[in-house]
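The next block holds one structure in the form of structure tokens; read it before the comments.
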Amino acid sequence: ASGGTISGSSFSTNEAKTAGGAVWAIDVDISVNDTDFTDNAATVGDGGAMYTSNNATLIDATTFENNIAADSGGAVEAQYSVVTSSTFVDNSASVGGGANFFGEGTVRNSTFWNNTTSTAGAFSVGAGDYGAIFGSIVANTSATQETVHMLDLGANLVTKLPATDWDLVEGVTANKSKLVTEAELDLQALTLNQTGPDNTGVTRTVALGDASVAIDYYTYTESVPTA
């Protein structure tokens, strides 16, 4: 099937009784970029903002705030997905408060902050078969573990020990992920970032305080994984 693209859009206060409060896509590839999802809900099923299956789902430069799923994937429930430069704040679900990839998922350069779960042993972002995460922040989730089935590709900052045996270190070491405190991250409220010609989108991002350990953290790594 041919694919679809959502760009420069905003979805708010949408509700689905089963899955995908704002977007539901089956058997068709979908690309989402520079889009804002706020206050959407899947009142019975999965994916408070988005639910996709049997397809490739690409999410870039997109923000998910305060979306709710009764079951899994507070913001996103996807089978095969790549998420880049995106923000997940204050989303909630029984498991996968931020996002759940029930097949495979890759996350790069994204922020998961204050996402909550209602089930013991749940997680903020995870995958069923295989997942990988690089250069991302996962902070202050109510879940007992930040991630599950997510391979650490390096340069991640987390406030709780992940479910997998990540190679966490103290201090900045080449391509290593680090266990930090929320105070060290100094995350600020969501704000629209249009400070220059390369930042003219419609989505909001989490700003960093002046002393945040996340500022230029990637510049201290020797190489960036390509997969």
Side-chain angles (χ1 to χ4, degrees), residues 1 3-7 9-84 86-107 110-129 131 138 140-150 190 203-204:
T5 298
I6 299 172
S7 180
S9 301
S10 179
F11 295 84
S12 64
T13 63
N14 296 288
E15 181 179 300
K17 296 299 183 183
T18 53
V23 174
W24 183 89
I26 306 294
D27 298 325
V28 59
D29 294 343
I30 185 170
S31 176
V32 180
N33 64 82
D34 190 24
T35 292
D36 217 295
F37 292 86
T38 305
D39 296 325
N40 301 289
T43 59
V44 176
D46 306 320
M50 290 182 59
Y51 178 91
T52 67
S53 179
N54 294 332
N55 65 0
T57 301
L58 305 180
I59 299 172
D60 179 63
T62 290
T63 295
F64 299 87
E65 181 190 18
N66 200 38
N67 300 285
I68 301 172
D71 194 359
S72 180
V76 174
E77 180 83 3
Q79 188 168 13
Y80 303 106
S81 184
V82 175
V83 177
T84 56
S86 292
T87 304
F88 297 73
V89 176
D90 292 332
N91 303 288
S92 62
S94 179
V95 296
N100 181 53
F101 312 112
F102 57 96
E104 300 177 0
T106 300
V107 176
S110 295
T111 298
F112 292 78
W113 184 31
N114 282 344
N115 298 293
T116 60
T117 59
S118 59
T119 300
F123 52 89
S124 180
V125 54
D129 296 333
V138 189
N140 198 33
T141 172
S142 71
T144 56
Q145 49 199 5
E146 300 283 30
T147 68
V148 66
H149 296 165
M150 297 293 287
L190 281 170
T203 57
R204 297 159 300 144

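Ser7 is linked by a side-chain hydrogen bond (donor to acceptor under 3.5 Å, both in side chains) to Asn33, counting only residues two or more places apart in sequence or in another chain. Partners of Glu104 according to the salt bridge (charged side-chain N to carboxylate O under 4.0 Å, His left out) rule, which considers only residues two or more places apart in sequence or in another chain, do not exist here.
In terms of heavy-atom proximity, Asp60 sits nearest to Ser86 at C-OG, 3.7 Å. For Gly105 against Ala127, the heavy-atom pair with the smallest separation is N-CB, 4.5 Å. Contact record, Ala70 with Val44: CB-O, 3.5 Å, taken as the closest heavy-atom pair. For the residue pair Ala69 and Gly47, the shortest heavy atom distance occurs at CB-N, 3.7 Å. Across Ala42 and Ala19, no two heavy atoms sit closer than the pair CB-CA, 4.2 Å. The shortest non-hydrogen separation linking Gly48 to Asn67 is C-CB, 4.2 Å.
Screening Val107, Val76, Thr62 against Phe88 for a side-chain contact (heavy atoms from CB on, under 4.5 Å) leaves a single residue, Val76.
For the pair Asp46/Phe102, no side-chain contact is recorded, criterion being any heavy-atom separation below 4.5 Å from C-beta on. The side-chain heavy atoms of Ile30 and Ile6, taken from C-beta on, include a pair separated by under 4.5 Å. With a 4.5 Å cut-off on side-chain heavy atoms, Tyr80 and Thr52 do not count as touching. Side-chain contact between Trp24 and Thr18 is absent, with no heavy-atom pair separated by less than 4.5 Å. Using a 4.5 Å heavy-atom threshold, the side chains of Thr87 and Arg204 count as separate.
Of the N and O atoms on the side chains of Asn115 and Asn91, at least one donor lies less than 3.5 Å from an acceptor on the other residue.
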| request: Please report the C-alpha distance between Phe101 and Thr106 in whole Å, then the side-chain angles of each, then the deciding distance to 0.1 Å, and finally whether the side-chain contact (heavy atoms from CB on, under 4.5 Å) criterion is met. | output: CA-CA 9 Å; Phe101 312 112; Thr106 300; over 6 Å; no
Q: Using the side-chain contact (heavy atoms from CB on, under 4.5 Å) rule, take Glu77 and Asp71 through it: C-alpha gap first, then chi angles, then the decisive distance, then the call.
A: CA-CA 10 Å; Glu77 180 83 3; Asp71 194 359; over 6 Å; no
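Judged by distance alone, with hydrogens and angles left aside, the side-chain atoms of Ser81 form a donor-acceptor pair with the main-chain N or O of Thr57 at under 3.5 Å. Although no hydrogens or angles enter the test, the distance criterion places a donor-acceptor pair under 3.5 Å between the side chain of Asn55 and the main chain of Val28.
Separation of atoms CG (Asp39) and CG (Asp36) is listed at 10.0 Å; rounding is to 0.5 Å.
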